[in-house]
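In what follows, a single structure is set out as structure tokens and then discussed.
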Amino acid sequence: MIDSAGLSQRASAYLLVTPLLQSDANPPMEDGIQLETSSEAIEGNQNKLNLDLPGEVPLTPQGEYVLLQQRIYRAAIIASILVVAVSAFVFDLSTTISLMIGALSGLFYLRLLARSVGQLGKTSKHLSKVQLLVPITLVLVASRLPELELFPCLIGFLLYKPSLVFQVLLES
Amino acid sequence: MDSIVTAASVVAAGLAVGLGAIGPGIGQGSAAQGAVEGIARQPEAEGKIRGTLLLSFAFMESLTIYGLVVALVLLFANPFAG
């Protein structure tokens, strides 16, 4: 036998409960959509405002560090070119080439050091020692190859120092 | 090369690197600690702190490089070798 009264009660109870379950499972979409659109509109307005700002972009701390690196590189390259040019007139070709290779190694060392200092505290907790491989390789190559001289290589490698001293004096 | 000169060169190379790395190692550690603390306190001064750290590291690490060069010269281009 079919209990029609019981079925109708269950059906009405199911119909009464279903909207509640739906509202629990899926929170009201209309408000959410309105919130999302409003937040997107705010972000869009902020972007528009940022794009419309006149003048230069303010210098970030990372940009300041990059500018300092560029100044040091520029000074080191100028010092290296000057010394290599003077050496080309005064000394022989072997000494000049050794000096130039040392200067390039010094610039590469400085680049690696600057990169490891830039990563300190962000991606790594320790200062990388990879840059020390540059003078080791330089001395080993200069001592093995008869075309290169050791002392000009070392002098060339240390050509980045005057630019650092100049930078320190400039800042102080 | 005389064996005594060879032995003395190897010992001197080890001492040059080992003793020469103590001071810069301590200095770099304390400098890095101070810099990271400073950046954590004042993130807006990160650029200046990192720049000063780069300069001080370059000066400190050159002391290690001097010891390293002396050691490598003693090992691979020894002027006292006969």
Side-chain angles (χ1 to χ4, degrees), chain A residues 58-69 71-72 76 106 109-122 124-129 131-144 148-151 153-154 157-158 160-161 163-172, chain B residues 1 9 12-14 16-18 20-81:
Chain A
L59 198 58
T60 60
Q62 196 61 33
E64 201 174 352
Y65 179 59
V66 171
L67 277 181
L68 174 73
Q69 284 181 54
R71 280 202 301 267
I72 292 173
Y109 163 79
L110 198 62
R111 174 81 188 98
L112 290 179
L113 180 67
R115 188 193 294 174
S116 62
V117 170
Q119 288 174 349
L120 186 67
K122 289 180 179 174
S124 70
K125 290 181 180 177
H126 307 284
L127 186 71
S128 171
K129 294 290 180 191
Q131 66 269 9
L132 284 177
L133 287 177
V134 177
I136 292 173
T137 310
L138 178 70
V139 172
L140 287 180
V141 168
S143 63
R144 295 290 179 195
L148 295 179
E149 298 174 23
L150 184 61
F151 191 64
C153 277
L154 293 178
F157 177 78
L158 294 176
Y160 71 89
K161 281 270 185 183
S163 64
L164 293 181
V165 173
F166 177 71
Q167 191 61 41
V168 169
L169 290 177
L170 204 68
E171 283 189 353
S172 64
Chain B
M1 195 191 304
S9 300
V17 173
I22 291 175
I26 295 172
Q28 283 187 354
S30 62
Q33 177 198 359
V36 172
E37 282 179 5
I39 290 172
R41 279 203 201 104
Q42 281 185 300
E44 69 273 7
E46 183 187 346
K48 275 190 186 299
I49 293 172
R50 277 192 196 279
T52 311
L53 191 67
L54 171 64
L55 294 174
S56 56
F57 272 4
F59 284 117
M60 278 189 277
E61 210 163 64
S62 60
L63 301 175
T64 311
I65 292 171
Y66 295 154
L68 201 64
V69 166
V70 168
L72 291 173
V73 166
L74 282 176
L75 289 178
F76 297 106
N78 198 332
F80 304 111

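Lettering of chains follows the sequences in order, A, B, ..., and the numbering in each one begins at 1.
- Put simply, of A:Leu150, A:Leu120, A:Val168, A:Leu68, the one with the most heavy-atom pairs under 4.5 Å next to chain B is A:Leu120.
- At a 4.5 Å heavy-atom cutoff, the contact between B:Leu54 and chain A is made by backbone and side-chain atoms alike.
- The CG atom of B:Leu72 sits 9.5 Å away from the CG atom of A:Leu154 when rounded to the nearest 0.5 Å.
- Around the CZ atom of B:Phe59, the shell of radius 6.0 Å holds more than 12 heavy atoms that belong to other residues, nucleotides or ligands.
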Item to check | Worked check of side-chain contact (heavy atoms from CB on, under 4.5 Å) between A:Ile72 and B:Leu55 | outcome: CA-CA 10 Å; A:Ile72 292 173; B:Leu55 294 174; 3.7 Å; yes
Checklist entry - Is there a side-chain contact (heavy atoms from CB on, under 4.5 Å) between A:Leu140 and B:Phe76 once you walk through the steps? => result CA-CA 7 Å; A:Leu140 287 180; B:Phe76 297 106; 3.3 Å; yes
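- When B:Val69, B:Val36, B:Ile39 are compared by the number of non-hydrogen pairs under 4.5 Å with chain A, B:Val69 comes out ahead.
- Only the side chain of A:Leu158 comes within contact range of chain B, judged by heavy atoms closer than 4.5 Å.
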Across chain A and chain B, going purely by atom type as modelled, what donor-acceptor pairs are there at a distance under 3.5 Å?
from	atom 1	to	atom 2	distance (Å)
B:Gln28	OE1	A:Lys129	NZ	2.8
B:Glu46	OE2	A:Lys122	NZ	3.4
B:Arg50	NH1	A:Val117	O	2.7
B:Arg50	NH1	A:Gly118	O	3.4
B:Arg50	NH1	A:Leu120	O	2.9
B:Arg50	NH2	A:Leu120	O	3.0
B:Glu61	OE1	A:Tyr109	OH	2.6
B:Glu61	OE1	A:Gln131	NE2	3.1
B:Glu61	OE2	A:Gln131	NE2	3.1
B:Ser62	OG	A:Lys161	NZ	2.7

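- Residue with the most contacts toward chain B among A:Leu138, A:Leu67, A:Ile136, A:Val165: A:Ile136 (heavy-atom pairs, distance under 4.5 Å).
- Both the backbone and the side chain of A:Leu164 come within contact range of chain B, each with at least one heavy atom under 4.5 Å from a heavy atom of that chain.
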